[in-house]
There are 2 protein chains.
Amino acid sequence: MREYYTITELTREFGISTRTLRFYEDEGLINPVRRGRTRLYRPSDRHLVRQILRGRRLGFSISEIREIIQVYKAPPGEVGQLHLMIQKIEEKRQHLRQKRRDLEDTLQELDQAEEACVERLAELGVKT
Amino acid sequence: MREYYTITELTREFGISTRTLRFYEDEGLINPVRRGRTRLYRPSDRHLVRQILRGRRLGFSISEIREIIQVYKAPPGEVGQLHLMIQKIEEKRQHLRQKRRDLEDTLQELDQAEEACVERLAELGVKT
DNA sequence: CGATGAATTGACTTTTACGTAAATCAGGTG
DNA sequence: CACCTGATTTACGTAAAAGTCAATTCATCG
Ligand SMILES: [Zn+2]
Ligand SMILES: [Zn+2]
Ligand SMILES: [Zn+2]
Ligand SMILES: [Zn+2]
């Protein structure tokens, strides 16, 4: 496991721009350390980036992603906070389950559409 | 099955604005019929709206949704077109499968985060 | 017929998530 | 040192997806 990644290494690995990484930092999603003025990304920062991009692909907004990231962080020390966090986690799970339903439904519609195509081809006497 | 829905019925059912429905129409996603100037939405239009909103929740852009919707339509009559459509459907499926991976990964991270919270509570001697 | 309330249209505004350009700085190389 | 390459900062720009507002038109009910 590398100790540090430069900003360009991450842009290449994830196919995003430096602007994007700095934007996420500005939004408080990541906090790379600095050597002088240049940013050094730790493996944990890299992992966060991966999680952010996953969230983005799933259609979450930056602030929703921020909420999810809060949850990933070390659990708080206080009992009340812990219960609250567990509650929040459950809420996020609900959102994701809704997305999963949407996803399965869409996949099913695609299956139907494909079947219609295949049938149509069969009617035209074409071997699939 | 109702024959027609008014625009406000659909806005209430789906929790969206009339502006949104007209926007989707302007983008060529739906095509309600008209009685005079007022729009009448058929069950098939309503179904399309449902599919559009699903796509949106999954983070697809309007043009991606437009592509998906093309696929739902009646299959074309020509063999080449049919093969092309089947190919497109497969491509969409790939996108959705990526999203499903993202989704499962995120759910797993949430599980881990919750477990950490529960453990922490146990350490503090709290009954869950 | 006139009032009232829904529907339409068009113009303008807003928010999000970055892109892009310009100026500055830092470190290594010949 | 001069130069080059990369990174940073700041500021402004922009495209997508609506929201908002105002002016009109229609329908219909009393
Ligand atoms: Zn929520
Ligand atoms: Zn369907
Ligand atoms: Zn594609
Ligand atoms: Zn992880």
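- Contact of the V49(B) side chain with the L29(B) side chain is not registered, since no non-hydrogen atoms from C-beta on lie closer than 4.5 Å.
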Take Y5(A) and R39(A) through the test side-chain contact (heavy atoms from CB on, under 4.5 Å) and record every step on the way to the result. CA-CA 9 Å; Y5(A) 304 85; R39(A) 292 164 171 84; over 6 Å; no
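- Going from atom CZ of R66(A) over to atom C1' of dT16(C) covers 12 Å, rounded to whole Å.
- Side chains of E67(A) and H95(A): a donor-acceptor N/O pair is absent below 3.5 angstrom, by distance only.
- A salt bridge between R46(A) and E9(A) is absent, with no side-chain N of the basic residue lying under 4.0 Å from a carboxylate O of the acidic one.
- Among the nucleotides dA7(D), dA17(D), dT25(D), the one closest to any side-chain atom of R37(B) is dT25(D).
- Atom C1' of nucleotide dA17(D) and atom CD1 of I52(B) are separated by 13 Å, given to the nearest angstrom.
- Judged by closest nucleotide on DNA chain D, T6(A) is the one of T38(B) and T6(A) placed further toward the 5' end.
- Per the geometry, CD1 belonging to I62(B) stands 17 Å off P belonging to dA15(D), to the nearest Å.
- The side chain of R39(B) lies closest to dT8(C), out of dT8(C), dA18(D), dT9(D).
- In this model, the phosphate group of dG19(C) is approached by a side-chain N or O of T20(A) to a distance below 4.0 Å at OP1 or OP2.
- Remark: S17(B), R19(B) in residues 7-19 of chain B come within less than 4.0 Å of DNA chain D through at least one heavy atom.
- No hydrogens or angles considered: a donor-acceptor pair under 3.5 Å links the side chains of E109(A) and H47(B).
- The side chain of R22(B) lies closest to dT9(C), out of dT9(C), dA18(D), dT8(D).
- The CD-P distance, from E25(B) to dA17(D), rounds to 17 Å in whole Å.
- For the 3.5 Å distance criterion, the side chains of T18(B) and R22(B) qualify, holding a donor opposite an acceptor.
- A straight line from OH of Y5(A) to P of dG6(D) spans 21 Å, rounded to a whole angstrom.
- Of the candidate nucleotides dA17(C), dT9(D), dT9(C), dA17(C) has the atom nearest to the side chain of S61(A).
- At a threshold of 4.0 angstrom between heavy atoms, the contacts of R35(A) with the nucleic acid are absent.
- In this structure, D26(A) atom CG and dT10(D) atom C1' are separated by 11 Å, rounded to whole Å.
- Rounded to an integer number of Å, the gap from L40(A) CG to dA7(D) C1' is 11 Å.
- For Y24(A), counting side-chain heavy atoms from C-beta on, the closest listed nucleotide (dA18(D), dA7(D), dC18(C)) is dC18(C).
- For the residue pair T8(A)/T11(A), the side-chain donor-acceptor check at 3.5 Å is not satisfied.
- When the C1' atom of dA18(D) is taken as reference, atom CD1 of I65(B) falls 13 Å away, rounded to whole Å.
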